[in-house]
Number of protein chains: 2
Amino acid sequence: MDDSHPEGEAGQGALADRRAQLVEAAVDHVAAHGIADLSLRGLGAAIGVSHRMLIHYFGSKEQLLVEIVRTSERRQRDVLSRLRLEPGLSPADAARLLWRHLTDPRLAGQERLFFELCGHALRGRPEAVPVLEGLVTDWLEPLVAAEVGAGADPATARNRARLGLATVRGLLLDLLATGDRAGVDSAMEEFLRLYYGPE
Amino acid sequence: MDDSHPEGEAGQGALADRRAQLVEAAVDHVAAHGIADLSLRGLGAAIGVSHRMLIHYFGSKEQLLVEIVRTSERRQRDVLSRLRLEPGLSPADAARLLWRHLTDPRLAGQERLFFELCGHALRGRPEAVPVLEGLVTDWLEPLVAAEVGAGADPATARNRARLGLATVRGLLLDLLATGDRAGVDSAMEEFLRLYYGPE
DNA sequence: TGCCGCATGTACCGTGTGGTACATGAAGCC
DNA sequence: GGCTTCATGTACCACACGGTACATGCGGCA
């Protein structure tokens, strides 16, 4: 068979639906088992298709990986967008809420995948490189806005935002590595004290 | 040939010397090219031996990886131990010096390898798992000691140390991902201001 | 010299991989 | 009913991998 493959960009046919469904299942599997030694056969067996079908729908493993990374990034952003902040919240409490969401054990697989992708991206693995570009810039803009809104001058706001992002990432890595939730939470509280002042 | 392989633990024969020499070359190569898709053949070709020899000296690829990780961790610790601090230095200046050392571009490959190994370790890859154990604990002790020495009570010292470690890691990841040295340095300065107070 | 032990190379094996050719079978359409 | 179209499965290919068997050659040593 030709397998003359379908639309180059996103379409809305049943075919695109099936693609989306497969990539969702793939991201679930990858978040649980890692992306490093993913094989089309193993993935297919796990999500109930033959590896032949994965090639059929995505053209190549490389393309599949690209889609997986894209979807994983989208999920990461969704974590933030699902966070509904009540208007009356202090900045420190808003940060606490965000931290609690990020460290939800149900997200652990996704967070592990994030750090795994960072490792691959730092090595120039093409499907993961886009992660690097969004790694800081994507998150900086809203954080800077929050800082400016809280009264910081733009230069300081940028530094503070970048610092906050880095600290959250570092503590998240600590948490995933050690599992010491109490210890990491305490360190985060210490940070919030330094960052927003006591009380 | 039998290849009845040599000492189970470190010895001092010429054989152990050759092993050490090979693993040093291997770490160099891995720091430059990543460990994810390392193959015995590729590594052998890069460092001038046949893949047969790597099996001969290390027994298996897995054992080689273990040695590579061990040596890479030792190098990481050496970065710290080579740092000679003059006694008169303020804590903030000592931190600045450490930061400058850690972000030396010549260490970039090593730092990338560190994050790459974190990713593998978080997935339970056996050769990398030891990284997780030392990831926080190894560094916490000296940092806590420094904090206590600077007058913090033990509980606060622990939180501050953990926070400092996480922030450094997060900013290091930012630097490797974006290459924006000036931006990351500014964020670090902001952190030092919060952490040690102005001036 | 003749032997031996060890380091190294070459050729090979079985396996798992990404990817392809071809078969099959069900749905739609005239 | 006969035809096409498409999704899916099966069988296969070439390749690179980790690992092994065997050959070769060099240094010490009696």
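Each chain gets a letter, A, B and so on, in the order the sequences are listed, and its residues count up from 1.
- Both V49(A) and L38(B) lie near DNA chain D, and the one whose nearest nucleotide falls closer to the 5' end is V49(A).
- When the P atom of dG18(C) is taken as reference, atom CG of L43(A) falls 10 Å away, rounded to whole Å.
- Distance E62(A) CD to dG19(C) C1': 14 Å, rounded to the nearest Å.
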Could you give me the CA-CA distance, side-chain angles and deciding distance for E73(A) and F114(A), then say whether side-chain contact (heavy atoms from CB on, under 4.5 Å) is met? CA-CA 8 Å; E73(A) 285 189 290; F114(A) 166 77; over 6 Å; no

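- Between the base of dG16(C) and the side chain of R41(A) there is no donor-acceptor pair shorter than 3.5 Å.
- In terms of polar N and O atoms assigned as donor or acceptor, the side chain of R52(A) never comes within less than 3.5 Å of the base of dG18(C) in a complementary pairing.
- The separation between Y57(A) atom OH and dG9(D) atom C1' is 13 Å, rounded to whole Å.
- Summarising the geometry, the separation between NZ on K61(B) and P on dG18(D) is reported as 4 Å, rounded to the nearest angstrom.
- Which of dA7(C), dT20(C), dG19(D) sits closest to the side chain of S60(B) comes down to dG19(D).
- For the pair S39(B) and dA16(D), the criterion of a side-chain N or O lying under 4.0 Å from OP1 or OP2 is not met.
- Rounded to an integer number of Å, the gap from L40(B) CG to dG9(C) C1' is 16 Å.
- Using a 4.0 Å cut-off between charged nitrogen and carboxylate oxygen, D28(A) and R75(A) count as a salt-bridge pair.
- In this structure, M53(B) places its CE atom 7 Å from C1' of dG9(C), rounding to the nearest Å.
- The separation between L65(B) atom CG and dC17(D) atom C1' is 14 Å, rounded to whole Å.
- For H51(A) and dG19(C), a side-chain-to-base donor-acceptor distance below 3.5 Å is present, hydrogens and geometry of angles not being considered.
- dA7(D) atom P lies 13 Å from atom CZ of F58(A), rounded to whole Å.
- Taking 4.0 Å as the cut-off between side-chain N and carboxylate O, R96(A) and E189(A) count as a salt-bridged pair.
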Apply side-chain contact (heavy atoms from CB on, under 4.5 Å) to L122(B) and L173(A), showing your working. CA-CA 9 Å; L122(B) 288 176; L173(A) 180 59; 4.1 Å; yes

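- Residues W99(B) and L172(B) approach most closely at CH2-N, 3.9 Å, considering heavy atoms.
- Side-chain proximity of S50(B) to the nucleotides dG9(C), dT20(D), dG9(D) is greatest for dG9(C).
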